[in-house]
Amino acid sequence: FIYLLPPIIFESGYSLHKGNFFINLGSILLFAVFGTLISTVFVALGAYFLGQVGISYPLTMLDSLTFGSLISATDPVATLAIFHALDV
């Protein structure tokens, strides 16, 4: 996985039209930063509270935030793959 991800990201960036990217830079940054933060918080809170009620392995809040950030970081890569497959 670690050897396949950089070429995928490079190809997506290389095939992107520069004009479209810079026109939409504000929206891209807004969705990338705040979307990832919101996703991180929701996943972390879900993992923490599910652990506290005994449904899953109990984690500390720091462990839950770490898990949430790891899981949320994969969303942009999956979104780029879907957009590329749909020729968006």
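Only this structure's heavy atoms are used, side chains among them; waters, hydrogens and symmetry mates stay out.
- If you chain together hydrophobic residues whose side chains sit under 4.5 Å apart, Leu29 and Phe21 fall into the same group.
- A donor-acceptor contact shorter than 3.5 Å is absent between the side chain of Ser39 and the backbone of Gly35.
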Identify each donor-acceptor pair in which a side-chain atom of residues 60-71 lies under 3.5 Å from a protein atom, sequence neighbours left out, and give them as a table.
{"from": "Thr60", "atom 1": "OG1", "to": "Asp63", "atom 2": "N", "distance (Å)": "3.2"}
{"from": "Thr60", "atom 1": "OG1", "to": "Asp63", "atom 2": "OD2", "distance (Å)": "3.1"}
{"from": "Ser64", "atom 1": "OG", "to": "Thr60", "atom 2": "O", "distance (Å)": "3.0"}
{"from": "Thr66", "atom 1": "OG1", "to": "Leu62", "atom 2": "O", "distance (Å)": "2.9"}
{"from": "Ser69", "atom 1": "OG", "to": "Leu65", "atom 2": "O", "distance (Å)": "3.3"}
{"from": "Ser69", "atom 1": "OG", "to": "Thr66", "atom 2": "O", "distance (Å)": "2.8"}

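- Following chains of ILVMFWY side-chain contacts shorter than 4.5 Å, one can reach Phe49 starting from Val41, so the two form part of one hydrophobic cluster.
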